[in-house]
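For ligands, and for the atoms within them, numbers begin at 1 and follow the listed sequence. All values below come from the heavy atoms of this structure, side chains included, with hydrogens, waters and symmetry mates left out.
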Amino acid sequence: MLEEQFILKTHSDSTEKGAFTWSSPSNIALIKYWGKKEDQIPENPSISFTLDACKTTTTLSYSKKESSNLFSFEVIFEGKKHDDFKPKIETFFRRIEVYVPFLKEYHFIIETSNTFPHSSGIASSASGMSALALCIMSIEKALNPEITESYFNQKASFLARLGSGSACRSIEGDLIVWGNHKHIEGSSDLFGVKYPFKVHNHFKNYHDTILLVDKGEKQVSSTVGHNLMHNHDFAQQRFIQANKNMTTLIEVLKTGDLNTFIELIESEALTLHAMMMTSRPYFILMKPNTLKIINAIWAFRKQSGLHISFTLDAGANVHVLYPENEAEQCIEFIQNELVAYCQNGHYICDRIGFGAKQL
Ligand code: PMV
């Protein structure tokens with residue numbers, strides 16, 4: 001599918017005003033996206049678990065306005081006017097306007113809230129941008145009721161990508177691939193697709209406990225981090241590696257080989273941070289407690305024989321991953337040994353989820 005196919009050209013119906021609400025989840029990548037070309041095109045394919053508990057709920061109210069030469073919107077975050085979000089949303093609107101040309105015809109009120117605590121260090125851009133993209137698609141559907149559910153989801157993912165790359169993996173569940181991969185038919189750099197192959201029962205209902213090690217603002221944004229992959233000494237090798245890891249993961253997801261799964265995803269997490277540490281300028285997002293948690297997980301895994309593992313986002317927080325049938329022992333270990341490393345003892349119990357919902 002080409003970009004042009006996402007341009008809304010004509011529509012039969014009209015809508016003066018209304019409101020749509022979507023609740024959209026965050027996601028955690030197993031194979032990481034780090035490095036992009038122009039227009040949010042990823043340098044390598046990535047795959048993520050859609051989460052269930054970490055969500056953004058957004059209501060987009062719209063009313064027709066007189067003149068249509070400027071974007072007009074207000075942002076209300078958790079009940080309060082929030083102008084800080086406006087530049088990011090304005091940039092998003094500018095990027096997507098060609099695909100949804102009705103944006104300047106309306107005044108919008110964007111009311112948004114997260115199920116996870118504000119400034120928890122959990123990126124809200126994936127859930128936030130996907131929820132907004134879905135609300136915009138609901139307006140498109142009101143204007144053009146013939147669009148199919150599959151087109152709706154695909155275009156929502158396409159628009160979300162233009163807001164924040166990884167947001168395109170937050171429309172559906174439970175495993176989403178973004179970025180063209182030679183063995184995954186239908187995979188695309190333009191939008192996320194549902195992982196099309198067999199997934200072993202071991203990966204159903206997989207758990208992700210997010211340990212909030214550092215709730216502060218990141219010192220380096222992911223936009224800056226992605227840009228540092230240009231002219232990075234190891235970039236080309238990393239993109240090749242991500243493609244190879246995806247090929248291995250396809251087999252692992254089919255056979256349920258948890259040991260190889262763990263090796264793969266932990267290596268992906270550490271490689272992501274290794275890329276940061278070897279950029280120019282270099283930076284470190286892990287904190288001392290991130291490393292203490294990783295070492296404690298390794299020691300416990302060795303001693304217990306359980307399949308507990310970790311992955312990392314672009315931050316200090318640790319996502320602790322474990323299968324459903326080992327959940328009880330893993331949660332006990334997390335509570336007894338790992339929560340002490342979290343800022344104010346805060347953590348979030350999440351698991352693999354099935355995508356966004358219209359409310
Ligand atoms: O979507 P962005 O631009 O915030 O980049 C996110 C990149 C990682 O979270 C580090 C990896 C990923 O694939 O989600």
Inset, instruction - Determine, for K254 against E251, whether the closest basic-nitrogen to carboxylate-oxygen distance falls under 4.0 angstrom. - result: yes
Legend entry - Centroid-centroid under 6.0 Å between F203 and Y195 rings: no
Legend entry - Identity of the nearest option to atom 2 (P) of ligand 1, non-hydrogen atoms only, from M275, H273, H226: H226
Inset, instruction - Show which atoms of ligand 1 fall inside a sub-4.0 Å distance from at least one heavy-atom site of S166. - result: 1 (O), 2 (P), 6 (C), 14 (O)
Inset, instruction - State, yes or no, whether a side-chain contact exists between F234 and M275 at a heavy-atom distance under 4.5 Å. - result: yes
Inset, instruction - Among F20, F102, F73, find the one that has a side chain to side chain contact (heavy atoms under 4.5 Å, CB included) with Y62. - result: F20
Inset, instruction - Could you say whether the N/O atoms of K36 and ligand 1 ever approach to under 3.5 Å? - result: no
Inset, instruction - Output the list of atoms in ligand 1 that are nearer than 4.0 Å to some heavy atom of A29, sorted by atom number. - result: 12 (C), 13 (O), 14 (O)
Legend entry - Member of D313, T271, N44, T311 meeting the side-chain hydrogen bond (donor to acceptor under 3.5 Å, both in side chains) criterion with K32: T311
Legend entry - Nitrogen or oxygen of D313 less than 3.5 angstrom from that of ligand 1: yes
Legend entry - Heavy-atom nearest neighbour of atom 14 (O) of ligand 1 within options K32, R169, M276, Q40: R169
Inset, instruction - Establish whether F354 and L253 are linked, either directly or via other cluster members, by ILVMFWY side-chain heavy-atom contacts under 4.5 Å. - result: no
Inset, instruction - List every atom of ligand 1 that sits less than 4.0 Å from any heavy atom of A314, numbering the atoms from 1 in the order shown and giving each element. - result: 10 (C)
Legend entry - Pick from S222, G165, G315: the one approaching atom 4 (O) of ligand 1 most closely through a non-hydrogen atom: S222
